[in-house]
Amino acid sequence: MRQHDRLFIGGEWVAPAGTGTIDVISPHTEEVVGRVPDGTAQDMDRAVAAAREAFDHGPWPRMTFAERAEVIGRLADIYDARQSEMARLITEEMGSPITFSNLAQAPQPLSMLRFYAELGRTFEQEEQRPGLFGPLTVRREPVGVVAAVVPWNVPQFVTMTKVAPALLAGCTIVLKPAPETPLDAYLLAEWAAEAGVPAGVLNVVAAGREVGEHLVSHPGVDKVAFTGSTAAGRRIAAICGEQLKRVSLELGGKSAAIILDDADLQAGMGFLQMASLMNNGQACVAQTRILASRRRYDEVVDAVAGMVSSQVVGDPADPATGIGPLVAKRQQERVEGYIRIGMEEGAKVVVGGLDRPRDKGWYVSPTVFAGVSNDMRIAREEIFGPVLAVIPYEDEADAVRIANDSEYGLAGTVWTADPEHGMEVARQVRTGTYGVNCFMLEPNAPFGGYKASGIGRELGPEGLSGYLEYKTIARLG
């Protein structure tokens, strides 16, 4: 039982304004494994005030990029030494298989810290340019106070896509973790203080949706960085648009894996398993639409069914587990609702269905649908669980058309024996991150979506730009 009775505000662990608490419940045992204060609007006001004070009067925005990079590097060293602790904690609080937590949930945030620490060592705050009438100085300055609102599925990964570049830019941050997964944010706050991040630069208040909206609309916040559902993103975009507040949004996805006729199915299934079922299917980039030509359709369905059937479903703390529970009972019910919808739409259940694999815990049966058309709801709406739809296409042009026939554009893959031709396909799909015979997210490359999958980019140098204002200074004489 991980018990916290304080909030991290202004570099101190302070008592909350209210008496409410958030129970963190294990998706595997359905038992309470942690408890934190339920932040109120008053707590958010206090956190924003601390971040505002640190930005307006503190040392952090006035340090050089290299000086801030030194502190970020110290945080990375602490993270490196204790990343297995972070991995275990995330598995405990949200049910991610420990193999995935050790592969991505903790190492990827560490990689981001390392990348931005290295970038900051050589990043120039000012650039000199010739102008028509005299010399120009282009200066990069931090955008200000950042509200970082993150989801529960990959909590540290998403947190670090915002916190690492915001820190390097010189911003101060109010981090609102999801109520399902606040424990990892508390651990990060401890490490940040140990690394020497100045008081008020990083503040952590866990809270629900209403208090989160209070944070987003707060006049003391200069930028909102949000990852979550497209519906919530639209609401946040409306608030920020009304206030002319900077905003970046990383939202939903319904990504397509195009399997070309020359693909080696046996070799590809191991990689496709990670691309489509990572984190129990609770990933915005998951390749949940599997596109197969009619010539090889039955063969692809059998291969995908075999891959899914081979996954061990069970205790996420067991290294043998491939698919663990979903984060909450409501998520279990949501995914089962989509399985029911698919059956009602006329799709055929090849693997899985509505029989739960375990009596206790928020598990669903990993499910493969065949006979799916791209106009079905299970092919258009983000399910956020281990449910795959195999969709037939006529030819390669039709496959690209189907891949693009979505309101989303976050990720995708193509599987082929000819990687150069795969690159040609990749260039035609309107999506932010793509893989040829693989899928991965690189900390030194931009990540984000087209269409309803978001606004802006995270990671890479492009991710830093989102936390900077550009000032042009012209002078004569």
Side-chain angles (χ1 to χ4, degrees), residues 27 95 153 229-231 252-259 265 269 272-273 275-294 296-314 322-394 398-399 402-403 405-408 412 452:
N153 61 324
S229 72
T230 296
K254 192 67 178 179
S255 302
I258 300 174
I259 301 180
L265 292 183
M269 282 302 118
L272 187 62
Q273 182 272 326
S276 61
L277 296 174
M278 68 176 83
N279 202 32
N280 310 330
Q282 299 170 128
C284 53
V285 296
Q287 323 284 294
T288 55
R289 290 187 296 155
I290 313 298
L291 276 52
S293 78
R294 293 194 183 278
R296 296 189 71 184
Y297 186 79
D298 291 343
E299 185 183 357
V300 171
V301 168
D302 289 345
V304 172
M307 176 268 288
V308 173
S309 298
S310 70
Q311 300 305 301
V312 175
V313 179
I323 297 177
L326 301 183
V327 72
K329 184 173 181 58
R330 71 173 191 282
Q331 190 68 14
Q332 180 191 48
E333 293 172 348
R334 169 188 167 85
V335 173
E336 288 179 340
Y338 272 106
I339 294 173
R340 192 172 291 109
I341 287 169
M343 296 166 68
E344 292 170 353
E345 289 180 311
K348 176 186 176 183
V349 174
V350 181
V351 170
L354 292 172
D355 291 336
R356 293 178 178 174
R358 297 173 70 94
D359 294 331
K360 191 173 186 180
W362 296 314
Y363 290 86
V364 299
S365 292
T367 298
V368 177
F369 279 105
V372 180
S373 61
N374 202 50
D375 59 351
M376 292 181 177
R377 288 183 63 187
I378 59 170
R380 304 204 71 81
E381 299 176 16
E382 186 174 40
I383 297 174
F384 229 60
V387 178
L388 307 183
V390 187
I391 302 170
Y393 65 81
E394 300 297 335
D398 190 41
I402 293 171
D405 180 19
S406 171
E407 69 169 319
Y408 299 109

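What you are looking at is a predicted structure, and each value in this text was computed from that prediction instead of being measured. Computed over heavy atoms, backbone and side chain alike; hydrogens, waters and symmetry mates excluded.
- You'll find the side chain of Phe369 reaches within 4.5 Å of the side chain of Met343, heavy atoms only.
- Checked by atom type and distance alone, the side chain of Gln287 never pairs as donor or acceptor with a backbone atom of Ser255 at under 3.5 Å.
- Looking only at distances, a side-chain donor or acceptor of Gln282 sits under 3.5 Å from a matching main-chain atom of Val327.
- Asp298 CG to Asp302 CG: the interatomic distance, rounded to the nearest 0.5 Å, is 6.5 Å.
- For Ala403 against Ile258, the heavy-atom pair with the smallest separation is CB-CD1, 4.0 Å.
- Closest non-hydrogen pair, Gly353 versus Thr367, comes out as N-OG1, 3.0 Å.
- In summary, Glu336 and Arg340 do not engage in a salt bridge, as defined by a charged side-chain N under 4.0 Å from a carboxylate O.
- When every heavy atom of Leu326 is checked against every heavy atom of Gly385, the shortest pair comes out as CD2-CA, 4.4 Å.
- Looking only at side-chain heavy atoms (C-beta outward), Leu277 and Met307 come within less than 4.5 Å of each other.
- Side-chain contact between Ile391 and Met376 is absent, with no heavy atoms from C-beta onward closer than 4.5 Å.
- Interatomic distance, Leu272 CG to Ile259 CD1, rounded to the nearest 0.5 Å: 5.5 Å.
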Please walk me through it: do Glu382 and Cys284 pass side-chain contact (heavy atoms from CB on, under 4.5 Å)? CA-CA 8 Å; Glu382 186 174 40; Cys284 53; 4.0 Å; yes
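- Here the CZ-CD1 distance, from Arg334 to Ile339, works out to 12.0 Å after rounding to the nearest 0.5 Å.
- Once rounded to the nearest 0.5 Å, the distance linking CZ of Arg289 with CG of Asn374 reads 5.0 Å.
- Residues Pro325 and Gly314 approach most closely at CD-O, 4.2 Å, considering heavy atoms.
- Tyr338 places no side-chain N or O within 3.5 Å of a backbone atom of Arg377 that could act as its donor or acceptor partner.
- Side-chain contact between Asn279 and Asn153 is present, with at least one heavy-atom pair separated by less than 4.5 Å.
- For the residue pair Ala379 and Val372, the shortest heavy atom distance occurs at CB-CG1, 4.0 Å.
- Here the OG atom belonging to Ser365 is positioned 9.5 Å from the CZ atom belonging to Arg356, to the nearest 0.5 angstrom.
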Would you check, one step at a time, whether the test side-chain contact (heavy atoms from CB on, under 4.5 Å) holds for Val308 with Leu388? CA-CA 9 Å; Val308 173; Leu388 307 183; 3.9 Å; yes
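- Electrostatic pairing of Glu381 and Lys254 does not count as a salt bridge here, judged by no charged N lying under 4.0 Å from a carboxylate O.
- Here the CD atom belonging to Gln273 is positioned 7.0 Å from the CD1 atom belonging to Ile323, to the nearest 0.5 angstrom.
- In this view, Phe384 and Trp152 satisfy the ring-ring contact (aromatic ring centres under 6.0 Å, His included) rule, not counting sequence neighbours.
- When all heavy atoms of Val351 and Ala305 are compared, the pair lying nearest together is CG2-CB, 3.5 Å.
- By the 4.5 Å heavy-atom criterion applied to side chains, Ser373 and Glu345 are not counted as neighbours.
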